[in-house]
Amino acid sequence: MATFNLNINGKKQQVDVDPATPMLWVLREHLNLVGTKYGCGIAQCGACTIHLGDVAMRSCQLTVSQVGNQPITTIEGLSENGDHPVQKAWLEHDVAQCGYCQAGQIMNAAALLKANPNPSDAEIEAAMHGNICRCGTYTRIKTAIKTAAG
Amino acid sequence: MALIKTSYGRRSFLKTSALAGGGMMLGFSWLATACESNQEETLTMPKEWFELNGFLKIGENGVVTIQSPNPEIGQNVKTSMPMIVAEELDIDWKNVIVEQAPLNTALFVRQLAGGSQSIRQGWTGLRMAGATARHMLKEAAAQAWQVPVDEVTTEAGVLHHKNSGKSAGYGEMASAAAKIAVPEEVKLKEVKDFKIIGTSRKNVDGPKIVTGQPLFGLDYKREGMLIAMIVHPPAFGMKLKSVDDSAARAMPGIKDVFTINTYNEDYGRQWCDTDAFNELVVVAGNTTWEVMNAKKALKIEWEAAPEQNIAVAGFTGESKDVKIPAGLENTSDHVAKMAEMGAKLAKVVRRDGDPETAFKNAAQVIERSYTAPFLAHSTMEPMNFFAHVTADKAELVGPIQTPEFMEKSVAARLGMPVEKIDIQMTRQGGGFGRRLYGHFVVEAAVISQKMNAPIKLVYTREDDITFGNYRPAYHATYRAAFDANKNLIAFHVRAGGIPESPLAANRFPAGALDNYLAEDWAVESNISVGAFRAPRSNFIAGAEQAFLDEVAEVMGKDPIAFRLELLDRAAKKPVGTENDYEAARYAGVLELVREKSGWGKDQKGVHRGVSAYFCHNSYVAQVIDLVLEDGKPIVQKVHCAVDCGILVNPIAAINLSEGGIVDGIGHAMYSAMTFKNGTPEQTNFDKYRLIRHSEAPKAIEVHFVKNEIDPTGLGEPVNPPIIGALANALYKATGKRVYDQPFQAISQVLG
């Protein structure tokens, strides 16, 4: 066990955990931020996507000891009132079916748009490749990303 | 239908007294907090609620809470079912709060997500709930205003009396209405007067989904809750021999390691109790990460499991013995066995005319065989459940498609009366049939009882994939006989699988052919299977529709025109009386997709395949436009026509149809569960392939037949036919027919 000082969604948080604990479980079970989802645990599905700085990361593969001073943003902190352009676009297109993967999809899409505000279809497909949606909302996700891009 | 007797489902309308202080009669705090709709945030909560029946309560300020009775697995019933209540109540949707109802078999009918039946079987009861409450409000207004009740009208939550000019909001009359007797019969709206049904209403949980609020079973938390995980045998056909848990017990955060038997040996199983591994090792501790690590430190010996015969009660209650053979099975043996079974006479299920003679005398016969592998449901949210079992009751919370059935399983296992078992449903991260089989609910209850603590059972992705109730492996052989003029004179299907047949002998083209033969067969296996989105249809539709494409080709006919000819025959002069489809509605979706896709107008480089199927009470036809980019097949567009009767919520219906299409293409192209010595060769999404963004169709257009037929479901029927359309389009693009799923091998050939 070790103590870690983390910067999550703009707030300082302290946790006392095994240094090898993935951020996924630190967020979900120690900080009660359950929007970040467990899907596969091996960075193959994208359900656990968070931002480390501005970069989309699979939190199941990021240990708490690797974070250091870098700020973390989760779906709960993407916007204050749920009004990030990507969140608004998701609601406008009523994207979700079961909804389980969508936090990861949204976080990945938000990071994509930050790095590339006007992605082509091919760029969207490439950037979103690591995020699985078992319900098959892919066409809606693409449309929503284009709406969010404006 | 204008007037209906409320005696139907009468127990749903047991009166209760007015509820004070906005208190909830049903549900408990976490679910009430987590599952209320988004509207709550913008609506002012009333000071007092008045319950008019088990489905709804009205606040003094006119806000209405509607209970959504059925499990929500992504099919959007949590929005669509309350819409039906709201329609007949005649309320403004903006004033509606939706809550997930708890399991309550005394109040609600068929709280089950499966078979695309929620809307179909819920339809009348939901309408009646709204209409009854509306009538009671009208009675209350009539009494208050001293006017005949027939002169009271409603509009969007407001009661009016034209002659006196009086009006009042529902909230003002709710208190009095709650004291009115439930009417013996009520008037339902005419379809033409619908204001909510048929209009698009967004997912009531949408805002919570996009902001990551707790909604799912895995998000559930209770003070003092422990995390439990299971270890099951690594191979089908094996069982536990011994456990050395000394290292695991010493690890940080671990509370206990023990073994459980999920079901007792003498227990008469229900159909939804399927579990391949009954004796499990359990690790319980403080956090998921700690328990995951401790699992890896267990030293376990496994041994061969003996043959078993288990009595299982089917969906309608009849019991039958299911033989689970011993041994370690291999996919390569399955493939060989299926080919062998497909080559010999099986059990004749239907015979029309004299197919044997017709085949003997035919000028030409074509024969084709189709196969598909086992599939894992792979819901994005792995199996999990919360349980808190104490001496006198069991509280269970989580994602389950069959709460009503699993309540009985848990009661039997704990030796408690069913009234002491309380199951609450969370939103579910996918179902697809996997959550019909709730062994994990029973496991959670047994673990909580043993630990004497609240626990959440969590499956890892690997547990979830390797402890499946898989889609069976299937095989179908089709034969068609032609005379010298290329007329189709006989049709033969022989279908089977491991361990069940996908045959639906009375479906199209049965009924359209004078000489027809259908046989089925099955081979026992110890690999556990279960319903998987559109069971059986998810294979046989694609095989049949691909074969019909070849038949049309031999006859030199357009594939849509050919199907319509057969359907015309089935409508006008059907063969047999057991045909399981309405030919006119079947033809209707084909005609609609022909029109909407511009069928017959060739576009350069675009290769088209068509397919149509009827299952789960709805009719679907699809056309795929496929292009080749660098030799790789890309689905450019899917045109889809659906007849599911009255459309309740278009935006959700289109979304669900798109999902069914993407899912069908994905599994047909990429997915397979294979086994070596009983061991699953795929354990996670690195090797178990699901369709990804770039592989989805670039565009999907969904069209609905407009009619006033009572609505049928959409979770399943859109899924099966797309596999046939895909196979037919791949043939047009490549000149090669594909017979064996997954079809992705074709990409490798072309690439």
Side-chain angles (χ1 to χ4, degrees), chain A residues 1 17-18 20-22 24-26 28-30 32-42 44-45 47 74-76 78-79 82 84 86-88 90-91 94-103 106 121-122 124-142, chain B residues 72-76 200 202-203 205-216 218-219 221 227 252 287-290 292-293 378-382 427-432 458 460-462 651-652 655-656 658-663 666 684-686 690-694 696-700:
Chain A
M1 293 295 214
V17 294
D18 168 9
T21 310
L24 167 65
W25 300 111
V26 173
R28 289 187 58 83
E29 296 190 346
H30 298 273
N32 213 19
L33 293 168
V34 296
T36 304
K37 299 299 191 224
Y38 168 62
C40 68
I42 59 165
Q44 288 292 314
C45 79
T74 71
I75 186 71
E76 292 91 343
L78 184 62
S79 63
H84 184 280
V86 174
Q87 289 169 315
K88 281 163 70 179
W90 245 249
L91 291 177
D94 208 27
V95 169
Q97 285 184 37
C98 86
Y100 192 80
C101 74
Q102 298 297 348
I106 289 168
D121 282 16
I124 293 173
E125 286 173 12
M128 299 300 292
H129 187 78
N131 287 76
I132 295 174
C133 173
R134 173 68 178 83
C135 299
T137 63
Y138 294 130
T139 46
R140 257 162 215 262
I141 288 173
K142 196 192 279 177
Chain B
E72 172 62 63
I73 56 173
Q75 81 283 46
N76 209 21
S200 286
K202 288 177 183 169
N203 188 333
D205 280 339
K208 286 195 167 144
I209 290 169
V210 305
T211 54
Q213 302 308 300
L215 281 169
F216 300 93
L218 218 49
D219 303 341
K221 198 170 185 176
I227 299 293
T287 67
T288 305
W289 178 244
E290 288 167 324
M292 271 182 182
N293 286 327
S378 49
T379 59
M380 290 309 292
E381 181 190 16
R427 191 174 181 85
Q428 313 191 24
F432 311 107
V458 178
T460 62
R461 172 58 57 197
E462 289 81 4
I651 194 171
N655 198 350
L656 195 54
E658 290 168 354
I661 287 164
V662 173
D663 180 354
N684 205 322
F685 297 136
D686 52 344
L690 289 172
I691 190 167
R692 289 178 182 268
H693 275 272
S694 63
K698 304 303 168 196
I700 300 171

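So that the names make sense, note that chain A is the first sequence line, chain B the second, and so on, each numbered from 1. Nothing here was measured: the structure is a model prediction, and the numbers come from that model.
- Of the two parts of B:Glu381, the backbone and the side chain both hold a non-hydrogen atom closer than 4.5 Å to a non-hydrogen atom of chain A.
- Contacts of B:Ile661 with chain A are absent, with no heavy-atom separation under 4.5 Å from either backbone or side chain.
- Of the listed residues B:Ile73, B:Thr460, B:Ile700, the one with more heavy-atom pairs under 4.5 angstrom with chain A than any other is B:Thr460.
- For B:Val662, the part sitting under 4.5 Å from any heavy atom of chain A is the side chain, from C-beta outward, and nothing else.
- At least one side-chain heavy atom of A:Arg134 sits less than 4.5 Å from a side-chain heavy atom of B:Ser378.
- Contact of the B:Trp289 side chain with the A:Leu24 side chain is not registered, since no non-hydrogen atoms from C-beta on lie closer than 4.5 Å.
- Contact of B:Asn655 with chain A is made through backbone and side chain together, with heavy-atom distances under 4.5 Å.
- For B:Gln75, no part sits under 4.5 Å from any heavy atom of chain A, backbone or side chain.
- Using a 4.5 Å heavy-atom cutoff, the side chains of B:Met380 and A:Cys45 are in contact.
- A 4.5 Å side-chain heavy-atom check between A:Arg28 and B:Leu218 finds at least one atom pair inside the cut-off.
- Side-chain contact between B:Glu658 and A:Tyr138 is absent, with no heavy atoms from C-beta onward closer than 4.5 Å.
- A heavy-atom distance below 4.5 Å is not found between the side chains of A:His129 and B:His693.
- In this structure, the side chains of A:Met128 and B:Arg692 stay at 4.5 Å or more apart for every pair of heavy atoms.
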